[in-house]
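Structure, as C-alpha cells:
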Amino acid sequence: MAPTEGEKLTNATSTVAISGYEGQERTCYCGELDEKHVGSEVVLMGWVNRQRDLGELIFIDLRDRTGMVQVVTDHKRSPESFRIAKKVRSEYVICVSGTVVKRAPDTENPNSSTGMIEVMADDIKVFNRSKTPPFVIRDEPEPDEGLRMRYRYLDLRRLPMLRNLELRHKATLAVRNYLSQNGFWEVETPTMTKSTPEGARDYLVPSRLDPGNFFALAQSPQLFKQLLMVSGVDKYFQLARCYRDEDLRADRQPEFTQIDIEVSFSDEDRLFGLIEGMMKHLWKEVLGVEIAQPFPRMTWDEAMARYGSDKPDIRFGMEIHDITGVVRESGFMVFKSTIESKGTVRAICAPECAGMSRQELDSLAAQAKEFGAAGLIHLAYLPGGEVKSPVRKHLSDEEISGIAHATGAKEGDLVLIVAGPFEVAVTALGRVRLSLGDELGLIPEGKYEFLWITEFPLLERNEEDARWQAAHHPFTSPVTRHVHLLGSDDDSVKSQIRARSYDLVLNGVELASGSVRIHERKLQDKMFRLLNLSVEEAEEKFGFLLEAFEYGAPPHCGIAFGLDRLVMLMAGAGTIREVIAFPKTAKATCLLTGAPSQVSSEQLEDLGLSLKLNKERKTCK
RNA sequence: GGAGGCGUGGUGUAGCUGGCCUAACAUACGUGCCUGUCACGCACGAGAUCGCGGGUUCAAAUCCCGUCGCCUCCGCCA
C-alpha cells in the first residue's frame with residue numbers, strides 16, 4: 001500500500017523514473033535516510049540483512065545498494081506487519097512502508113550512518129523469499145573466493161562490492177565526460193578482427209560463412225585507432241574490451257577493458273598534459289582527492305638504474321646505487337670477475353636492518369636468485385663501527401667505507417649487493433627493494449605517486465627464436481636522436497635504440513602505455529627491415545594499415561589505460577577481480593556459468609571443425 | 001611449462017610432531033522464550049564418511065604418492 005497522506009519523499013537519486021512495483025512506489029533508498037527525514041512517510045524496497053526478534057518487538061535491517069536502515073515493527077502499531085516480520089528471514093526481498101522516526105536517545109547506533117533514525121513499519125510486503133544463502137552477506141570475513149565466484153550475484157550484494165561497481169561506473173563516466181569536453185569522440189571498433197601473429201596469443205572465433213577461416217578477438221584497438229587518425233577523426237577514445245589468451249595474474253584477466261586514446265597532430269608534452277588533467281579530474285570527481293601536477297618523468301634507463309624496474313614504486317626511497325667504481329680494484333673474486341666481464345655491482349641500503357636474522361637474509365637471497373642473481377651479498381654496519389659480513393675478509397677497509405659512502409649506509413644499516421650483468425643486478429635488487437619496503441612498512445598508505453616512464457628500448461631480443469622484435473609494437477617511433485641508428489646490424493647498437501614510448505605508473509603499477517607512432521612510410525620501412533620483416537610479410541600482416549598510410553597519415557600518438565587496474569587502485573583493492581563484476585579464475589574459467597564448455601557436434605559441424613584431443617578427453621557431448 | 005600456499009558441518013577456523021577425534025570453536029540454520037535490539041540474548045536441536053583416489057600402519061583429518069579445485073609468483077602478457 002503506497003502512502004497517500006503526509007509528506008512524501010521524492011526519490012533523491014533519480015530525477016525521472018521512480019522505482020515501483022505493482023502499485024508500490026519506492027520513495028528513497030535505505031542508505032539515504034537521516035534525521036532530515038524524520039516524520040516522512042517512506043516506501044523502501046530491498047533485502048533483509050538481518051531480523052532480530054525480541055518477542056513483542058522485531059527489528060529488520062533492510063539493505064539496498066546504498067546501505068542499511070533499521071525497520072521496527074510493533075505488534076500494537078501494526079499487527080499485520082508484525083506477523084509478517086516474524087516470518088521474514090535473511091535475504092527475503094521486501095517492501096516496507098512506514099514513518100521515519102528519531103530514535104530514543106539511548107537507542108541510537110553511532111556505528112551506522114542511519115543510526116539516528118529508524119522506520120516504524122506500517123506495512124510489509126514480501127516480494128520474494130530466499131533460500132538460506134551459501135554464505136552470509138556481510139563485509140567480513142570474506143568466504144573462499146571460489147565460492148564467491150560461484151555465487152557472484154550474492155557476493156556482489158555485499159556493500160563493499162556494490163561500492164566497487166559504483167566507483168567503476170563513476171570513473172568511466174568521469175573519463176567519458178572529461179575526454180568529451182576536450183573534443184574527443186568515442187568510436188567503436190570491431191572486437192572480431194584479423195589475427196595478428198605478433199603479440200599475445202589470440203582468442204579465435206571460427207567463421208561459419210567461411211569455414212576454415214577465423215576471426216581473432218581484438219587484443220586491442222591499436223590498428224583501428226590509427227586508421228581513425230588517417231580518417232581525420234583527430235581525437236579518438238574508446239572504453240574497449242580487449243582479449244588476450246595468456247596466463248592470468250592478480251592484475252591480469254583474459255578479457256579486460258582499456259581506455260584507448262589516440263590524437264593527431266600531437267606529441268608527448270601535449271598528450272601528457274591531457275592525461276594528467278584526466279587523472280586530476282578522475283581523482284577529484286570520484287575520490288574527492290587533489291593530486292599534484294605535473295607528474296614527474298623518468299627515462300626507462302634511469303628507472304632501471306635507480307629502482308630496477310620499469311614501473312617503480314616511488315612512494316619510498318631505498319634506491320639502488322652503483323658501487324662498481326668503489327670495488328673496481330677489489331681483490332674479491334666475485335666483484336673482480338663480474339667487472340672484467342663487463343658486469344656491474346649494485347647495492348641498496350636497508351635502514352636499521354643490520355640486526356636482520358639469518359633466516360630473513362636467506363629469504364631475501366632466495367628472491368634475488370629467483371630473478372637471476374647469482375647471490376645476494378650483505379654487509380651489516382653494526383653500531384660501534386664493526387662490519388659483519390660473510391665476505392668481510394675479502395674487502396679492504398677503504399672498500400667498506402666506500403660502499404657506505406656510496407649507499408648512504410650508517411651504523412645500524414644493512415647493505416645488500418648484487419654483482420652481475422646490468423639488468424640482472426638491478427632487477428634482482430629492485431625486487432628485494434620492494435619486498436623489504438613492504439616488510440619494513442616503508443610504503444605509505446593512501447598516497448598516490450604518479451610517474452611517467454619514457455624512452456623505452458625500441459627493440460627487445462626474443463630469446464626463443466633469437467631475433468629482435470618491437471618492444472611496444474612495430475609502429476612506434478624511435479627517438480629522433482636515434483633514427484640514424486636504425487640501419488645498424490650491430491646487436492649492441494640495436495639494444496641502445498630508444499623509442500618515443502611511455503608508460504604511466506602509479507604506486508608501482510603500470511597504468512597506461514603508449515607511444516608516438518611512425519607516420520612516414522620511409523621510416524616504417526626502415527623499422528620493418530630492422531625487425532627482419534620482409535616487405536611481403538609486412539604486407540600480409542599489416543598491409544591494410546600500410547596502405548592507409550599512403551593516403552595522407554597525420555602525425556599521431558596515443559595511449560591506452562588498463563581500466564581495471566585504474567579502478568583497482570582507486571578502490572584500494574588487491575586484485576582487479578574486486579572491480580570486475582564477473583571475473584574469470586586463474587585458469588580462465590567462469591565458475592558461475594561454467595564457461596568454457598563443450599559444444600554440440602552440430603555446432604562444430606556448422607563451423608567445419610572437428611576436435612582432435614589427446615589424453616582421452618571427451619570430444620563433444 | 002615451472003614453483004609455492006590453501007582445501008575439515010552451510011560459512012570462517014582449530015586440530016594436522018599418527019591413537020583419549022565417537023572431530024572442537026564461532027557463526028549461520030531450525031524450534032521455543034524474550035518490548036529497544038543493532039555481532040540481540042537465553043534454551044534446545046539438526047548438521048562433517050576431514051576435496052577425491054590409492055598406499056603405509058594394529059590405527060590416518062594427521063604420514064607418503066597421485067589427482068582435482070581455488071589463490072600467489074616465475075615464464076608468458078607486441
Mate of B/C58 across any strand shown (Watson-Crick or G-U wobble, both atom pairs under 3.5 Å) is B/G19
Aromatic plane relationship, A/Phe224 with A/Phe544 - under 30° parallel, 30 to 60° tilted, over 60° perpendicular: tilted
Give the rounded distance in Å between these two atoms: CD of A/Glu140 and P of B/U11. 18 Å
Provide, to the nearest angstrom, the distance between the CZ atom belonging to A/Arg252 and the P atom belonging to B/C77. 9 Å
Could you pull out the protein-nucleic contacts involving nucleotides 3-5 of chain B (nitrogen or oxygen on both sides, under 3.5 Å)?
none

What integer number of Å spans the P atoms of B/U62 and B/U49? 15 Å
Considering only heavy side-chain atoms of A/Pro143, the closest of B/C76, B/C38, B/U11 is B/U11
Output yes when A/Arg52 and A/Asp61 qualify as a salt bridge under the 4.0 Å nitrogen-oxygen rule, no when they do not. yes
Can you see whether A/Thr454 engages A/Glu268 through a side-chain donor-acceptor pair at a distance of less than 3.5 angstrom? no
Ring centres within less than 5.5 Å and planes less than 30° apart: is that true of A/Phe59 and B/U37 in this structure? yes
From B/G12, B/C76, B/U35, pick the nucleotide closest to the side chain of A/Lys76? B/U35
Please evaluate the base of B/C38 for a donor-acceptor partner in the side chain of A/Arg103 within a cut-off of under 3.5 Å? yes
Between CZ on residue A/Phe256 and CG on residue A/Asp564, distance to nearest 0.5 Å: 8.0 Å
Has A/Arg138 got a side-chain N or O lying under 4.0 Å from the OP1 or OP2 atom of B/U11? no
Which word best sums up how the rings of A/Phe528 and A/Phe542 line up, parallel for under 30°, tilted for 30 to 60°, or perpendicular for over 60°? parallel
Under the ring pair (Phe, Tyr, Trp, His ring centres under 6.0 Å) rule, collect the residues that match up with A/Phe59, sequence neighbours excluded. none
Which value, in whole Å, describes the distance between the P atoms of nucleotides B/G4 and B/C64? 13 Å
Quick one: on RNA chain B, does A/Glu460 or A/Thr107 contact a more 5' nucleotide (nearest heavy atom)? A/Thr107
I need the residues from residues 427-440 of chain A with at least one non-hydrogen atom less than 4.0 Å from RNA chain B; give them sorted by number, or say none. A/Arg431
Is A/Thr114 touching bases, backbone alone, or none of the nucleic acid, heavy atoms closer than 4.0 Å? nothing
Contact class for A/Arg577 (heavy atom, under 4.0 Å): base, sugar-phosphate, or nothing? sugar-phosphate
Candidates B/G75, B/U72, B/U37 - which lies nearest the side chain of A/Glu118: B/U37
Which listed nucleotide (B/G36, B/A28, B/C76) is nearest to the side chain of A/Val136? B/A28
In whole Å, what is the span from the CD atom of A/Glu370 to the P atom of B/C73? 11 Å
Distances for protein N/O vs nucleotides 29-33 of chain B N/O pairs under 3.5 angstrom?
residue : atom : partner : partner atom : Å
B/G30   : OP1  : A/Arg89 : NE           : 3.1

Comparing nearest nucleotides in RNA chain B, the 5'-proximal residue of the pair A/Asp251, A/Leu223 is A/Asp251
Do A/Arg244 and B/C77 share a donor-acceptor pair, side chain to base, under 3.5 Å? no
In this structure, how many angstroms lie between the P atom of B/U11 and the CD atom of A/Glu142, rounded? 16 Å
In whole angstrom, give the distance that lies between atom CG of A/Leu57 and atom C1' of B/U35. 5 Å
Classify A/Ala471 by what it touches in the nucleic acid, base, sugar-phosphate, or nothing, heavy-atom distance under 4.0 Å. sugar-phosphate
Separation of A/Ile58 atom CD1 from B/C38 atom P, in whole Å? 16 Å
Inter-nucleotide P distance (B/C25, B/A43), Å rounded: 14 Å
Identify whether the distance between the nearest side-chain nitrogen and carboxylate oxygen of A/Arg529 and A/Asp525 falls below 4.0 Å. no
Give one of base, sugar-phosphate or nothing for A/Leu591, where a contact means two heavy atoms less than 4.0 Å apart. sugar-phosphate
Just verifying a value: how many Å separate A/Ser515 OG and A/Leu271 CG, rounded to the nearest 0.5 Å? 10.0 Å
Roughly how far apart are A/Met45 CE and A/Cys30 SG, rounded to 0.5 Å? 11.0 Å
Within residues 132-142 of chain A or reaching into it, pairs that qualify as side-chain hydrogen bond (donor to acceptor under 3.5 Å, both in side chains) - sequence neighbours excluded: A/Glu142-A/Arg148, A/Glu142-A/Arg158
When the C1' atoms of B/C6 and B/C38 are compared, how many Å lie between them, rounded to an integer? 35 Å
According to the salt bridge (charged side-chain N to carboxylate O under 4.0 Å, His left out) rule, which pairs have a member within residues 79-96 of chain A, sequence neighbours left out? A/Asp53-A/Lys86, A/Arg63-A/Glu91, A/Glu80-A/Arg83, A/Glu91-A/Arg157
Let's test your reading of the model: under 3.5 Å, does the base of B/G75 pair with the side chain of A/Glu246 as donor and acceptor? no
Kindly say if A/Lys587 contacts the phosphate of B/G69, meaning a side-chain N or O under 4.0 Å from OP1 or OP2. yes
A/Thr589 vs B/C70: side-chain N/O to OP1/OP2 distance below 4.0 Å: yes
Between A/Tyr307 and A/Asp313, do the side chains contain a donor N or O and an acceptor N or O under 3.5 Å apart? no
Should the ring pair A/Tyr151 and A/Phe135 be called parallel, tilted or perpendicular, given that the plane angle runs from 0 to 90° and is split at 30 and 60? perpendicular
Identified pairing partner of B/A14, criterion: Watson-Crick or G-U wobble below 3.5 Å: none
Counting the atoms with a prime plus P, OP1 and OP2 as sugar-phosphate, which does A/Asp144 contact under 4.0 Å by heavy atoms, base, sugar-phosphate, or nothing? sugar-phosphate
Counting any heavy atom closer than 4.0 Å, what does A/Gln219 reach on the DNA or RNA strands: base, sugar-phosphate only, or nothing? nothing
Is there side-chain contact between A/Glu578 and A/Met161, with at least one heavy-atom pair below 4.5 Å? yes
Taking 4.0 angstrom as the limit, do A/Arg461 and A/Asp491 come out as a salt bridge? yes
Please determine if a side-chain N or O atom of A/Thr585 lies less than 4.0 Å away from the OP1 or OP2 oxygen of B/C70. yes
Counting only heavy atoms not in A/Glu108 (residues, nucleotides, ligands), do more than 12 fall under 6.0 Å from its CD? yes
Using whole Å, report how far OH of A/Tyr243 lies from C1' of B/C76. 21 Å
Provide the Watson-Crick or G-U wobble partner of B/A3, both distances under 3.5 Å; none if there is no partner. B/U72
Rounded to whole angstrom, note down the C1' distance from B/C52 over to B/A46. 27 Å
Which base, if any, makes a Watson-Crick or G-U wobble pair with B/C44, both distances under 3.5 Å? B/G30
With sugar-phosphate meaning primed atoms plus P, OP1 and OP2, does A/Glu510 contact a base, only sugar-phosphate, or nothing at under 4.0 Å between heavy atoms? nothing
Select base, sugar-phosphate, or nothing to describe what A/Ser112 touches, counting heavy atoms under 4.0 Å on all strands. nothing
Nearest whole angstrom, please: distance from the C1' of B/G36 to the CE of A/Met120. 11 Å
A/Glu145 has a side chain; which of B/C76, B/C73, B/C71 sits nearest to it? B/C71
